[in-house]
Amino acid sequence: MNPSAGVMVEVFKTNVWDTRHANRLLDLIHQTFTHYTANFDLEDCDRILRIHSSTGLVEPGFVISLVQDFGFTAEVLPDDVPLNQPVF
């Protein structure tokens with residue numbers, strides 16, 4: 001995430017597939033990080049976890065650790081996809 005952009009959202013690719021696990025993780029994220037608002041998009045092929053911070057930047061390392069402690073994986077998705085990149 002580019003801090004100069006002023007956007008306080010981070011998007012993670014996860015391996016969470018079940019809504020019960022997603023809801024438990026969301027509860028845990030909201031309890032741990034009271035200034036974060038989080039949601040999952042389990043219909044997306046990357047099973048997206050989107051986090052918005054009301055007070056500053058999202059700390060990806062803490063979120064990834066929390067998700068891993070719960071038994072899942074998470075990785076930050078890049079902000080944008082390069083255009084006109086050659087395909088090999």
Side-chain angles (χ1 to χ4, degrees):
M1 171 104 332
N2 181 357
S4 65
V7 178
M8 297 170 267
V9 174
E10 196 67 77
V11 180
F12 299 85
K13 174 181 179 176
T14 76
N15 67 342
V16 177
W17 55 272
D18 184 271
T19 55
R20 291 173 299 154
H21 292 137
N23 289 333
R24 291 277 319 268
L25 267 170
L26 291 174
D27 288 343
L28 189 57
I29 289 167
H30 292 139
Q31 289 171 9
T32 305
F33 308 102
T34 56
H35 56 285
Y36 286 2
T37 303
N39 63 65
F40 273 97
D41 181 357
L42 300 181
E43 299 297 318
D44 186 276
C45 65
D46 289 327
R47 298 183 184 115
I48 296 295
L49 168 61
R50 195 172 284 105
I51 298 182
H52 175 269
S53 174
S54 62
T55 62
L57 296 177
V58 174
E59 296 291 339
F62 293 130
V63 173
I64 291 169
S65 291
L66 187 141
V67 171
Q68 288 175 339
D69 289 347
F70 201 72
F72 294 97
T73 62
E75 64 183 75
V76 175
L77 284 178
D79 285 341
D80 54 288
V81 177
L83 300 176
N84 300 325
Q85 191 164 3
V87 177
F88 298 98

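These numbers come from the heavy atoms of this one structure, side chains and all, not from hydrogens, waters or symmetry mates. Residues: numbered from 1 along the sequence shown. Quick caveat: nothing in here was measured; it's all calculated off a predicted structure.
To the nearest 0.5 Å, the span separating CD1 on I64 from CZ on F12 amounts to 5.5 Å. For the atom pair CG of L28 and CG of N23, the computed distance is 12.5 Å after rounding to the nearest 0.5 Å. In this structure, OG1 in T37 is found 11.0 Å from CD1 in I29, a value given to the nearest 0.5 Å. Put simply, CD on E10 and CG on L49 are 10.0 Å apart, with the number rounded to the nearest 0.5 Å. Atoms CZ and OG1, on F40 and T14 in that order, are 5.0 Å from each other to the nearest 0.5 Å.
Each of V67 and W17 belongs to its own hydrophobic cluster when Ile, Leu, Val, Met, Phe, Trp and Tyr are linked at side-chain heavy-atom distances under 4.5 angstrom.
The shortest side-chain heavy-atom distance between L66 and F33 falls under the 4.5 Å cut-off. Counting only heavy atoms from C-beta outward, the side chains of V63 and Y36 approach each other to under 4.5 Å. At least one side-chain heavy atom of H30 sits less than 4.5 Å from a side-chain heavy atom of L26.
The side chain to side chain donor-acceptor pair (under 3.5 Å) test applied to T73 returns N15, not counting sequence neighbours.
Across all their heavy atoms, L42 and A22 have their closest contact at CD1-CB, 3.9 Å. When all heavy atoms of T55 and M8 are compared, the pair lying nearest together is C-SD, 4.4 Å. Looking at every heavy atom in both residues, S53 comes nearest to H35 through OG-CD2, 3.3 Å. In this structure, V16 and R47 approach most closely via the heavy-atom pair O-CD, 2.6 Å.
By the 30° and 60° cut-offs, the orientation of the rings of F70 relative to H21 is perpendicular.
Put simply, the side chain of D46 never gets that close to the backbone of I48: no donor and acceptor are under 3.5 Å apart.
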